[in-house]
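Structure record follows, encoded as structure tokens.
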Amino acid sequence: MGLLLLSASPISRGDSEIVVATRYLQAKGTSHSHLYLYREDGKLLRQLTNDNSGQDSDPIFASDGETIVFTREKPNDTREFWSIDPRGTKLKKLDAAPDWYSTAKSSPYFTSRGEEEAPSSSPTPAQEESASPAATGESAEQPEHQSVTALDAVTDATDHPPEIIKAPDGSGEIFWRKGKEGEGPEEVLNWVMWFRDSKSGQETQIGRLRGFPSFEPLHIRGNKDQQPSRREPSEVDGQRESVGERERANQFLFEGPLRLTFFSCHLDSTNGDTVEAFDFNKRKLIQLSPNYATPVPLPGEPAFLTLTENRYVTIPGSTKTANCSYIERWAASLKESCDNYDAYLRFHGVSSDDVVEGFTRDEYEKELRENKEKGHECYGQPEVRYARKGSAAICYGASMYRPGKTPAVITIRNGAD
């Protein structure tokens, strides 16, 4: 999969804008997906479509930012193509999809090795049954995100710890040491993450990944050109650096002050996988979602988007739950909220503080105090979620137009490209 490389032409709107196809689930009747236009900082500019005859999906900005083309899926497998301008005018049904729209692919995103080799090249969230919005019910049960383990269930993990991960700027490296006896989930796979500063030699214990040992470093799909400089393999604490490690510059997101690498971790059959970012600045792990989150770089900006999954979100006005997905934006500060029930609610996609996952506020705070030593009381806090607060929603594609930046258009397509 490659980045959607489209030329940029200045337009009167100076700020970057993102159009998102969002389906807000409702307690009764059939919900519909419409297009919503936001400024990059999260301000809702306008709802672009409101037709309930079908489901709007896959909006993509044209290269000049003046037109948005999208798909409208109707009953009986009928598919229409429409265009509209970002001001909400000039809505037009097209005879056929423009060539640039049909051939556009999702921009590069972080994924596991297994998914990188799969035919699909879109960061489809785990909860989607199919690429069609019309095929997804209000509370459908949907398949689990594929889980892979970097350790690959090795029986001799005592002699073969996870690979050393060296920062591309030479600032330091992530390495692993055996945990104390009885602390790990499985003694033979009981590895703790550490960071060694290259300049000072200081070593900092980071901790265990959630769901460890089932985890895998994520890599940018579709970006094979950037490779770290070649050097001789090294050995640290008896751990031989793999030759492949030198070829994995695409597992890092280094953009100005933003310095991250990502790990996919399997939690359990209920929660599926999650994604944790290791921040080389703060030297700590930050969980991006209680479930899966697909990072999408914004080249030239110290920021990134995620297609974020929240499972079992309560549909407002009912007791039904659904697996939801949202587009979020994260900045270099990579904020967290700790000891904060409101952040806990947002993290799990719930707006009411009455109960979430069986916890009232008092019960949550008691649980938090009891589990504080586990270090899992902090939740990643994106700068922006491009959706209504407290909503149960499903994202069916998004596209950002960035005047003066390269590439000008960042696209997250719905389903397979």
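Any value given below was found using the heavy atoms of this structure, including those in side chains, with hydrogens, waters and symmetry copies removed.
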Would you say that [X] contacts [Y] through its side chain, given a criterion of any heavy-atom pair below 4.5 Å between the two side chains?
X: Leu218; Y: Thr111; answer: no
X: Val20; Y: Pro59; answer: no
X: Val296; Y: Thr306; answer: no
X: Gln205; Y: Val192; answer: yes
X: Lys405; Y: Pro299; answer: no
X: Leu307; Y: Cys395; answer: yes
X: Arg87; Y: Leu48; answer: no
X: Val313; Y: Asn323; answer: no

Ignoring hydrogens, what is the shortest heavy-atom contact between [X] and [Y]? Give both atom names and the distance.
X: Ala322; Y: Leu25; answer: CB-CD1, 3.4 Å
X: Glu73; Y: Ser57; answer: OE2-OG, 3.8 Å
X: Val275; Y: Tyr292; answer: CG2-CE1, 3.6 Å
X: Ile220; Y: Pro108; answer: CG2-CB, 3.6 Å
X: Ser83; Y: Leu94; answer: OG-CD2, 3.8 Å
X: Arg259; Y: Phe254; answer: NE-CE2, 3.7 Å

For the pair [X] (side chain) and [Y] (backbone), establish whether a donor and an acceptor sit closer than 3.5 Å, ignoring hydrogens and angles.
X: Ser198; Y: Gly170; result: yes
X: Arg46; Y: Leu37; result: no
X: Arg177; Y: Trp194; result: no
X: Lys282; Y: Leu334; result: yes
X: Ser289; Y: Glu309; result: yes
X: Asn250; Y: His219; result: no
X: Ser33; Y: Gln55; result: no
X: Glu301; Y: Ala303; result: no
X: Asp197; Y: Gln202; result: no
X: Asp85; Y: Ile68; result: no

Do [X] and [Y] get their side chains close enough for a donor-acceptor pair, meaning under 3.5 Å?
X: Ser31; Y: Arg23; answer: yes
X: Ser171; Y: Asp169; answer: yes
X: Thr274; Y: Gln287; answer: yes
X: Thr22; Y: Tyr386; answer: no
X: Asp99; Y: Ser102; answer: no

Validation row, ring centre Tyr36 to ring centre Tyr24 under 6.0 Å: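 Centroid separation for Tyr36 and Tyr24: below 6.0 Å.
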Phe262 ring center near Phe304 ring center (under 6.0 Å):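 Ring-ring flag for Phe262/Phe304: true, centres closer than 6.0 Å.
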Under 4.0 Å between a side-chain nitrogen and a carboxylate oxygen: does that hold for [X] and [Y]?
X: Glu66; Y: Lys90; value: no
X: Glu17; Y: Arg402; value: no
X: Lys284; Y: Asp279; value: no
X: Glu80; Y: Arg72; value: no
X: Glu40; Y: Arg329; value: yes
X: Arg39; Y: Asp41; value: yes

Are [X] and [Y] in a cation-pi contact, defined as NZ or CZ under 6.0 Å from the six-membered ring centre and within 45° of the axis?
X: Arg385; Y: Tyr326; value: yes
X: Lys92; Y: Trp82; value: no
X: Arg196; Y: Phe280; value: no

Stepwise side-chain contact (heavy atoms from CB on, under 4.5 Å) test for Phe278 and Ile165: CA-CA 11 Å; Phe278 177 75; Ile165 300 174; over 6 Å; no
From CA spacing to verdict: side chain to side chain donor-acceptor pair (under 3.5 Å), Thr71, Asp58: CA-CA 6 Å; Thr71 301; Asp58 267 339; 5.0 Å; no
Arg221 and Phe110: CA distance, side-chain angles, deciding distance, side-chain contact (heavy atoms from CB on, under 4.5 Å) verdict: CA-CA 6 Å; Arg221 181 172 184 168; Phe110 282 85; over 6 Å; no
Derivation of the side chain to side chain donor-acceptor pair (under 3.5 Å) call for Asn50 and His34: CA-CA 6 Å; Asn50 57 12; His34 300 302; over 6 Å; no
Trace of the side chain to side chain donor-acceptor pair (under 3.5 Å) decision for Thr308 with Glu328: CA-CA 7 Å; Thr308 301; Glu328 297 179 330; 2.9 Å; yes
Residues Ile60, Val69; criterion side-chain contact (heavy atoms from CB on, under 4.5 Å); working and verdict: CA-CA 6 Å; Ile60 303 180; Val69 174; 5.7 Å; no
From CA spacing to verdict: side-chain contact (heavy atoms from CB on, under 4.5 Å), Leu305, Leu298: CA-CA 7 Å; Leu305 302 176; Leu298 296 174; 4.0 Å; yes
Phe263 and Trp176 aromatic ring geometry - parallel, tilted or perpendicular at 30°/60° bounds: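 Perpendicular: the ring planes of Trp176 and Phe263 meet at over 60°.
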